[in-house]
Amino acid sequence: MAVNTTIPKGTRDFSPIEMLRRNYIFDIIRKVFQKYGFMPIETPAMENLTTLLGKYGEEGDRLIFKILNSGDFMSNVNCDDKESVTSTKITNKISEKALRYDLTVPFARYVVQHQNEITFPFKRYQIQPVWRADRPQKGRYREFYQCDVDVIGSNSLLNEIELIQIIDEVFQNLGLAVIIKLNNRKILSGIAEIINESSKIIDITVAIDKFEKIGLEKVNEELLSKGISPEAVKKLQPIILLSGSIEEKISNLKSVLNSSEIGLKGIEEIEKIIDYTKKIELQTCIDFDLTLARGLNYYTGAIFEVKAKDHEIGSICGGGRYDDLTGIFGLKNVSGVGVSFGADRIYDVLLGLNKFNDNIENSTEIMFVNFGDLEIEKLCLSHLVSIRKQGISAELYPESHKMKKQFDYANNKKIPFVAIIGENEKQKGVIMLKNMTTGEQNETSLKELINILTNRK
RNA sequence: GUGGGGGUAGCUCAGUCGGUUAGAGCAUCAGAUUGUGGUUCUGAGGGUCGUGGGUUCGAGCCCCAUUCUCCACCCCA
């Protein structure tokens with residue numbers, strides 16, 4: 001019986017060309033991670049629901065994919081008081097597992113669970129898919145890969161610097177022009193503190209973030225509508241309008257925040273990071289962006305966001321410092337910092353800017369044509385062994401189809417060379433080597449053939 | 001959760017004022033060509049027009065509902 005061949009909203013199949021391109025991205029990222037001394041781990045696709053809930057803010061909780069309990073999942077539900085059963089209440093009874101929403105929280109759980117095996121500071125990277133029950137749109141998927149690098153168990157700002165170097169090197173290697181935006185949650189806390197609205201930091205930063213998009217007036221309207229007092233909004237004006245060079249912004253902020261200990265601490269951190277970056281030959285430009293907020297609740301210090309310069313798609317990399325994520329799982333005083341590369345968005349940007357090189361798209365380098373002759377097939381098989389021993393990918397067409405069909409196959413797979421051994425070649429003991437780009441063909445020996453293909457690399 | 005566009009062949013899309021048998025390009029297969037492809041030519045297969053109802057002598061087209069999808073907001077990689 002025929003069934004609709006569709007896949008769930010926001011998910012995608014990846015065909016060979018797409019996979020080759022994706023692997024190219026993953027390979028670059030992985031190599032850089034390893035170069036800086038990070039070690040790989042993986043965690044399960046699903047976590048206990050309680051591990052994930054409450055870590056990402058209210059919006060985040062809503063976007064977590066829950067997994068229905070196995071067996072008689074309704075047995076815990078009391079249907080008598082149906083009226084009082086809300087979907088959140090019922091969720092806790094019928095679901096105790098969920099698909100991971102990001103890699104950072106599962107990592108924190110991993111660190112606590114394996115704390116006795118881990119030597120701190122622990123540098124790990126993790127490249128795996130995550131799932132969000134968001135409404136899909138351009139650059140937004142329900143299943144996508146994150147490539148996380150984190151250092152946990154070290155307060156040093158050298159880690160922040162190292163992450164900036166990694167970001168710089170990854171995008172350098174990908175040939176992508178980006179801008180790194182930097183901010184610090186402590187500064188945001190300081191701002192909220194001096195205007196006496198500490199509980200509203202998130203609302204304030206989200207509103208300030210829209211300044212460039214909607215203008216000062218609308219930002220103020222939004223602030224008031226979120227219940228922030230008119231006096232506080234008034235005090236915020238110089239902060240919203242803050243501009244100039246990084247140094248100017250910092251010195252202005254220093255005077256605005258001079259009564260806030262936490263705010264000044266944040267500025268000190270930013271200053272130190274900026275100072276360090278002058279020593280690391282950075283290719284990417286860095287911007288101190290006070291409007292950068294980041295929705296995730298657990299950030300406490302530096303926050304990062306990376307945007308592509310020539311392509312509009314939202315952030316392609318983001319992260320920050322979290323002082324107490326492991327505390328929730330029972331391990332206190334362990335601070336971590338990390339960033340996450342959004343492989344799928346990076347893919348979209350590279351594709352949009354036409355930055356994928358053709359040479360990552362072919363796999364087989366030479367194909368032997370099949371004439372259906374048993375003796376020749378055996379000859380081809382032994383040739384293939386020799387060729388593959390040299391690390392050259394080669395294949396024999398498995399059917400004795402018409403030449404046209406076999407050549408079409410080679411063309412579609414972008415195989416650059418075809419080897420032909422028919423009766424004539426067999427008699428003469430040669431191989432007809434055809435260059436599929438130029439159309440030229442010459443009789444060669446196996447040795448010569450291997451030479452040609454090896455020198456081509 | 002809020003708002004807008006769309007659904008016609010495997011893919012991308014035309015389809016006039018509501019009018020006979022719903023089209024094109026690409027892709028696939030076959031032939032021109034029994035040892036030479038990608039560029040040529042010829043032909044073929046492929047459709048419950050998202051689904052359900054309504055208006056009409058007649059609906060791919062108009063109306064209602066529903067579903068899926070894309071885009072924007074919110075938020076985010």
Side-chain angles (χ1 to χ4, degrees), chain A residues 2 4-12 15 25 29 56-64 87 100-104 127-148 167 178 202-203 205-207 209-210 213-214 222 292-297 303-308 312-320 338-349 367 369-373 376 397 400-426 432-441:
Chain A
N4 260 356
T5 56
T6 57
I7 54 177
K9 196 198 297 197
T11 64
R12 293 147 305 152
S15 295
I25 296 171
I29 291 175
Y56 308 106
E58 204 181 312
E59 179 76 3
D61 283 355
R62 198 167 64 80
L63 298 180
I64 292 172
S87 37
R100 62 167 169 255
Y101 178 88
D102 72 352
L103 300 177
T104 309
I127 299 176
Q128 288 190 276
V130 302
W131 293 269
R132 296 184 186 178
D134 211 344
R135 189 169 285 200
Q137 52 182 283
K138 189 177 184 174
R140 174 173 305 182
Y141 308 100
R142 292 183 131 178
E143 178 185 59
F144 61 95
Y145 271 73
Q146 290 195 325
C147 313
D148 273 37
I167 293 169
V178 298
I202 303 272
D203 285 339
T205 49
V206 165
D209 186 30
K210 293 179 187 160
K213 248 190 207 168
I214 62 177
E222 179 163 333
L292 176 61
R294 305 204 50 81
L296 298 177
N297 275 355
I303 43 186
F304 308 93
E305 190 164 289
V306 179
K307 289 201 145 194
E312 189 48 53
I313 198 165
S315 61
I316 52 178
C317 176
V339 292
S340 178
F341 292 79
D344 303 77
R345 282 188 178 174
I346 292 171
Y347 178 96
D348 289 345
V349 174
M367 183 195 87
V369 170
N370 187 319
F371 284 101
D373 179 292
I376 297 177
Y397 193 85
S400 61
H401 284 156
K402 282 186 193 167
M403 274 247 200
K404 174 177 161 54
K405 199 162 175 165
Q406 300 195 37
F407 276 48
D408 279 343
Y409 173 86
N411 281 325
N412 285 337
K413 272 188 91 170
K414 295 184 178 165
I415 298 173
F417 289 95
V418 164
I420 301 162
I421 304 176
E423 258 325 298
N424 303 340
E425 288 80 6
K426 185 179 151 196
M432 186 67 84
L433 180 66
K434 185 180 178 76
N435 181 323
M436 293 298 277
T437 326
T438 63
E440 283 176 74
Q441 58 180 48

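All values derive from a computational prediction rather than experimental measurement. The chains referred to below are lettered A, B, ... by the order of the sequence lines, with proteins before strands, and numbering in each begins at 1.
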Visitor: Would you classify A:Cys147 as touching base, sugar-phosphate or nothing, given that sugar-phosphate means primed atoms plus P, OP1 and OP2, and contacts are heavy atoms under 4.0 Å?
Guide: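 Since no nucleic acid heavy atom lies under 4.0 Å of A:Cys147, the category is nothing.
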
Visitor: Who are the side-chain hydrogen bond (donor to acceptor under 3.5 Å, both in side chains) partners of A:Glu305, not counting sequence neighbours?
Guide: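 side-chain hydrogen bond (donor to acceptor under 3.5 Å, both in side chains) list for A:Glu305, sorted by chain: A:Arg294.
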
Visitor: Check side-chain hydrogen bond (donor to acceptor under 3.5 Å, both in side chains) between A:Glu222 and all other residues, then give those that pass, not counting sequence neighbours.
Guide: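 Expected list: A:Lys210.
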
Visitor: Using the P atom as the point on both nucleotides, what is the distance between B:rA30 and B:rU48, in whole Å?
Guide: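 Their P atoms lie roughly 25 Å apart.
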
Visitor: For B:rA72, does either OP1 or OP2 sit under 4.0 Å from a side-chain N or O belonging to A:Gln137?
Guide: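 Indeed, a polar side-chain atom of A:Gln137 lies that close.
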
Visitor: Can you tell me how far CG of A:Asp348 sits from CD1 of A:Ile316, rounded to the nearest 0.5 angstrom?
Guide: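 A:Ile316 CD1 to A:Asp348 CG: 10.5 Å, rounded to 0.5 Å.
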
Visitor: Which residues pass the salt bridge (charged side-chain N to carboxylate O under 4.0 Å, His left out) test with A:Arg140, not counting sequence neighbours?
Guide: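 Residues passing salt bridge (charged side-chain N to carboxylate O under 4.0 Å, His left out) with A:Arg140: A:Asp134.
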
Visitor: If the condition is ring-ring contact (aromatic ring centres under 6.0 Å, His included), which residues does A:Tyr397 pass it with, not counting sequence neighbours?
Guide: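 Partners of A:Tyr397 by the ring-ring contact (aromatic ring centres under 6.0 Å, His included) criterion, ordered by chain and then number, come out as A:His401, A:Tyr409.
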
Visitor: For B:rG19 versus B:rG38, give the span between their P atoms, rounded off to a whole number of Å.
Guide: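 42 Å, rounded to whole Å.
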
Visitor: Within the 4.0 Å heavy-atom criterion, would you say A:Tyr141 contacts the bases, only the backbone, or no part of the nucleic acid?
Guide: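 Base, at least one base heavy atom under 4.0 Å.
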
Visitor: If I pick the C1' atom on B:rG47 and the same atom on B:rA9, what distance separates them, to the nearest angstrom?
Guide: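 It comes out at 6 Å once rounded to the nearest Å.
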
Visitor: Check side-chain hydrogen bond (donor to acceptor under 3.5 Å, both in side chains) between A:Gln128 and all other residues, then give those that pass, not counting sequence neighbours.
Guide: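 Only A:Glu42, A:Gln126 meet the side-chain hydrogen bond (donor to acceptor under 3.5 Å, both in side chains) criterion with A:Gln128.
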
Visitor: Are any non-hydrogen side-chain atoms of A:Phe407 and A:Val369 less than 4.5 angstrom apart?
Guide: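 Counting from C-beta outward, A:Phe407 and A:Val369 do come under 4.5 Å.
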
Visitor: What string of B, S and - do you get for nucleotides 28-39 of chain B 5' to 3' if you count protein non-hydrogen atoms under 4.0 Å?
Guide: S--S---BBBB-

Visitor: Please compare A:Arg62 and A:Pro136 by the position of their nearest nucleotide in RNA chain B and report the one closer to 5'.
Guide: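 Per heavy-atom nearest nucleotide, the more 5' residue is A:Arg62.
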
Visitor: List, with names and distances, any nitrogen or oxygen atoms from the protein found under 3.5 Å away from nitrogen or oxygen atoms belonging to nucleotides 67-69 of chain B.
Guide:
unit_1, atom_1, unit_2, atom_2, d
B:rU69, OP1, A:Lys9, N, 3.3
B:rU69, OP2, A:Lys9, NZ, 3.4

Visitor: Distance-only, no hydrogens or angles: does the A:Arg132 side chain make a donor-acceptor pair with backbone N or O of A:Tyr101 under 3.5 Å?
Guide: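 Pair found, side chain donor or acceptor close to backbone of A:Tyr101.
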
Visitor: Please measure how far the P atom in B:rC71 lies from the corresponding atom in B:rG31, and state the result in whole Å.
Guide: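 Rounded to whole Å, the distance is 43 Å.
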
Visitor: Within the structure shown, what part of the strands sits under 4.0 Å from A:Gly60 by heavy-atom distance: base, sugar-phosphate, or nothing?
Guide: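 Contact class for A:Gly60: none.
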
Visitor: Suppose we screen for side chain to side chain contact (heavy atoms under 4.5 Å, CB included). Which residues come up paired with A:Ser400, at least two apart in sequence or across chains?
Guide: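 Partners of A:Ser400 under the side chain to side chain contact (heavy atoms under 4.5 Å, CB included) test: A:Asn370.
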
Visitor: How far does CZ of A:Phe371 sit from CD1 of A:Ile420, to the nearest 0.5 angstrom?
Guide: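 Rounded to the nearest 0.5 Å, the CZ-CD1 separation comes to 6.0 Å.
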
Visitor: List every contact pair, protein side and nucleotides 3-7 of chain B side both N or O, where the distance is under 3.5 Å.
Guide:
none

Visitor: I'd like the P distance from B:rG10 over to B:rG45, given in whole Å.
Guide: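 Taking atom P in both B:rG45 and B:rG10, they lie 15 Å apart.
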
Visitor: If you find the nucleotide of RNA chain B closest to A:Cys317 and the one closest to A:Lys138, which residue's nucleotide is nearer the 5' end?
Guide: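 Looking at the nearest nucleotide for each, A:Lys138 comes out on the 5' side.
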
Visitor: A:Asp344: what forms a salt bridge (charged side-chain N to carboxylate O under 4.0 Å, His left out) with it, not counting sequence neighbours?
Guide: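 A:Asp344 satisfies salt bridge (charged side-chain N to carboxylate O under 4.0 Å, His left out) with A:Arg12, A:Arg22 once adjacent residues are dropped.
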
Visitor: Using the P atom in both, what is the distance from B:rC75 to B:rA14, to the nearest Å?
Guide: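 Roughly 35 Å separates the two P atoms.
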
Visitor: Mind checking side chain to side chain contact (heavy atoms under 4.5 Å, CB included) for A:Lys414 and listing every partner two or more places apart, or none if nothing turns up?
Guide: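 Testing A:Lys414 for side chain to side chain contact (heavy atoms under 4.5 Å, CB included), a comparison that skips the adjacent residues, returns A:Glu361, A:Asn362.
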
Visitor: Could you measure between the two C1' atoms, the one in B:rA44 and the one in B:rU39, and give it in whole Å?
Guide: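 Rounded to whole Å, the distance is 23 Å.
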
Visitor: Using the P atom as the reference point in each nucleotide, state the distance between B:rC17 and B:rG3 in Å, no decimals.
Guide: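 Roughly 32 Å separates the two P atoms.
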
Visitor: Return the stems involving RNA chain B, sorted by first number, where pairs are Watson-Crick (N1-N3 with N6-O4 or O6-N4) or G-U wobble (N1-O2 and O6-N3), both under 3.5 Å, and runs are 3 or more long.
Guide: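 The stems that RNA chain B takes part in, listed by first number, are B:1-7 with B:67-73, B:10-13 with B:23-26, B:28-32 with B:40-44, B:50-54 with B:62-66.
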
Visitor: Rounded off to whole Å, could you give me the CD-to-P distance for the A:Glu143 and B:rA77 pair?
Guide: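 Rounded to the whole Å, the gap is 17 Å.
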
Visitor: Measure the distance between the ring centre of A:Phe144 and the centre of the six-membered base ring of B:rA77, then answer whether it is under 5.5 Å with planes under 30°.
Guide: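 It does: the ring sits over the base of B:rA77.
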
Visitor: Less than 4.5 Å apart, side chain to side chain, heavy atoms only: is that true for A:Trp131 and A:Arg100?
Guide: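 Yes, at least one pair of side-chain atoms sits under 4.5 Å.
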
Visitor: Go through the steps for A:Cys317 and A:Arg345 under the test side chain to side chain contact (heavy atoms under 4.5 Å, CB included), then give the verdict.
Guide: CA-CA 9 Å; A:Cys317 176; A:Arg345 282 188 178 174; over 6 Å; no

Visitor: Starting at atom CG of A:Asp134, determine the distance to atom P of B:rC75, rounded to an integer number of angstrom.
Guide: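 Taking CG of A:Asp134 and P of B:rC75, I get 12 Å after rounding.
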
Visitor: Would you kindly give the CZ-to-C1' distance between A:Arg132 and B:rC75, to the nearest whole Å?
Guide: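 Rounded to whole Å, this separation is 10 Å.
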
Visitor: Nearest 0.5 Å, what's the CE-CE distance between A:Met367 and A:Met436?
Guide: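 With rounding to 0.5 Å, CE (A:Met367) is 7.0 Å from CE (A:Met436).
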
